Colleague: 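Sending over a structure as structure tokens; questions will come in a sec.
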Amino acid sequence: MNMKLKLIVGVVAAAVALTFAACGNKEKNESEAGKLTSQLLLKNDSTVYGLVCDGCTDSVLVLLPSDDSDPVKYDIIDATQNHKVFGKLKIGDWVGIVLDPDDPKVADIVIDLDQLKGTWCYKVLPQFRDIASMSKRMQRRMMKDMPDSVRQTLLVPREYGFTLKRQFSAIPVGFVGMSNSLEDESPVVYPDVPFYNEWHIWNGKLILTRDIDHGGNPSHKHGGPDCVKNDTADFVKMTADTLVLAFRDHTQGYYRHANAQDVNKEAREAAAKQAKRALDATKSK
């Protein structure tokens, strides 16, 4: 092989290597982007999925589509100015974009789905068991007159949340398990942990599917459509460590947690300790 031919081969090989590097490791992402078959997507979802390629700026997103077609450039100027780019786009990340209905080369919403995956938590406080039967005035008076020691013993926050995993699967975070006799005796009660087991993107919204009949068992699989409920949320904000979602009746902020198992372990330990303290406090009265 003469020098000229070797040079040409070398240039072609380098170009191919750069193409694969710029669009992320396709072999690594194949199980994610390459398997977005119809059964994994929600009906009538117009979201375009793919991998972020080199060449992106604040105004342009270069996307390698999930169907392995050539990279496509999308204008994201409006999405950026409207704060509709959720996550910091990185080369190789799996993203979903919602296009302008009047211009298929303009993105209205951009969501970095790789950054969305992970464990997101928020803190909840318990309520007194009989507080719902009290008037608002009585509730305020009770809270005002409550000694700080009692408040610290009973009104202990817990971490709730969810982990979003690959292939649109999810697990609840903060789950304590079946209530025990000590918790039954406690004067306070915590809200149920939303038992999410699936997640999807649908036209720029996050769909969280919860099992409403999990039976207190994290490994329980729901029995059918009558046992599930979809919670729909609009993205408000997403950074490396912050997620804000707007549901139909409230807006919820989350912080990223490194390990869901740690949260669940701490929740179980805290629940046992708090239930015992609460029971001791009621007995001493």
Side-chain angles (χ1 to χ4, degrees), residues 32-33 35-49 84-87 93-98 108-124 157-177 190-261 263-264 267:
E32 192 71 80
K35 292 185 179 180
L36 286 178
T37 53
S38 58
Q39 62 265 30
L40 288 179
L41 301 179
L42 295 184
K43 186 177 180 180
N44 298 323
D45 177 27
S46 62
T47 306
V48 177
Y49 298 94
K84 293 296 184 180
V85 177
F86 301 104
D93 276 4
W94 179 49
V95 302
I97 62 176
V98 177
D108 283 342
I109 303 174
V110 182
I111 307 166
D112 192 312
L113 301 178
D114 272 340
Q115 292 181 34
L116 175 62
K117 290 183 295 184
T119 298
W120 298 99
C121 295
Y122 61 100
K123 291 187 177 180
V124 299
R158 287 185 188 173
E159 288 183 305
Y160 281 11
F162 48 77
T163 298
L164 305 183
K165 305 174 70 176
R166 301 177 68 175
Q167 299 297 299
F168 300 112
S169 66
I171 57 174
V173 171
F175 188 80
V176 173
Y190 287 84
D192 291 334
V193 177
F195 206 89
Y196 294 124
N197 50 32
E198 292 181 21
W199 68 279
H200 289 277
I201 298 297
W202 184 77
N203 298 328
K205 300 177 183 294
L206 178 62
I207 307 296
L208 294 167
T209 301
R210 70 162 77 191
D211 190 338
I212 59 176
D213 185 30
H214 56 75
N217 185 352
S219 64
H220 171 81
K221 302 297 183 182
H222 61 74
D226 293 338
C227 297
V228 301
K229 176 184 177 182
N230 289 328
D231 293 336
T232 303
D234 290 304
F235 288 91
V236 177
K237 179 181 180 181
M238 187 174 78
T239 64
D241 56 7
T242 301
L243 175 66
V244 181
L245 299 175
F247 293 89
R248 179 180 58 84
D249 55 353
H250 72 288
T251 296
Q252 182 64 58
Y254 303 82
Y255 53 89
R256 190 183 293 276
H257 201 289
N259 193 316
Q261 293 181 346
V263 179
N264 290 332

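No experiment lies behind these values; they were computed from the predicted model shown.
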Colleague: Under the rule for side chain to side chain contact (heavy atoms under 4.5 Å, CB included), what residues qualify as partners of V98, not counting sequence neighbours?
Modeller: T47, I109
Colleague: Rounded to the nearest 0.5 Å, what separation is found between the CG atom of D114 and the CH2 atom of W94?
Modeller: 7.5 Å
Colleague: Side chains of L116 and L206, heavy atoms from C-beta outward: is any pair under 4.5 Å?
Modeller: yes
Colleague: Taking side-chain hydrogen bond (donor to acceptor under 3.5 Å, both in side chains) as the test, write out the residues that go with T239, two or more places apart.
Modeller: D241
Colleague: Which residues pass the side chain to side chain contact (heavy atoms under 4.5 Å, CB included) test with D108, not counting sequence neighbours?
Modeller: D100, P101
Colleague: Provide the closest heavy-atom pair for L245 versus A233 in the form atom of the first, atom of the second, distance.
Modeller: CB-CB, 3.9 Å
Colleague: Quick one: which residue pairs count as a side-chain hydrogen bond (donor to acceptor under 3.5 Å, both in side chains) with a foot in residues 242-252, not counting sequence neighbours?
Modeller: none
Colleague: I need the minimum non-hydrogen distance between C121 and H257, along with the two atoms involved.
Modeller: SG-CB, 3.8 Å
Colleague: How close do D112 and G87 get, heavy atom to heavy atom, and via which atoms?
Modeller: CB-CA, 4.2 Å
Colleague: Restricting to non-hydrogen atoms, name the atom on A170 and the atom on E198 that form the minimum distance, rounded to 0.1 Å.
Modeller: CB-N, 3.7 Å
Colleague: In chain order, what residues pass the side-chain hydrogen bond (donor to acceptor under 3.5 Å, both in side chains) check against K84, with sequence neighbours excluded?
Modeller: none
Colleague: Is L208 close to L164 at the side-chain level, that is, under 4.5 Å between some pair of heavy atoms?
Modeller: yes
Colleague: Using ring-ring contact (aromatic ring centres under 6.0 Å, His included) as the criterion, point out the one residue from Y122, W120, Y160 that pairs with Y254.
Modeller: Y122
Colleague: Measure across R256 and K117 and return the closest heavy-atom pair with its distance rounded to 0.1 Å.
Modeller: NH1-O, 3.0 Å
Colleague: Could you work out, with ring-ring contact (aromatic ring centres under 6.0 Å, His included) as the rule, every residue matching W199, not counting sequence neighbours?
Modeller: F168
Colleague: I want to check something: taking the side chain as every heavy atom from C-beta on, are F235 and L243 in contact at a cut-off of under 4.5 Å?
Modeller: yes
Colleague: How would you list, by chain and number, every residue that makes a ring-ring contact (aromatic ring centres under 6.0 Å, His included) with Y196, sequence neighbours excluded?
Modeller: F162
Colleague: Test of understanding: with side chain to side chain contact (heavy atoms under 4.5 Å, CB included), list the residues that count as partners of T232, not counting sequence neighbours.
Modeller: K205, I207
Colleague: Show the nearest heavy-atom pair for residues P172 and P194, with the distance to one decimal.
Modeller: CB-O, 3.6 Å
Colleague: Could you tell me the separation between the CD1 atom of I97 and the OG atom of S46, rounded to the nearest 0.5 Å?
Modeller: 10.5 Å
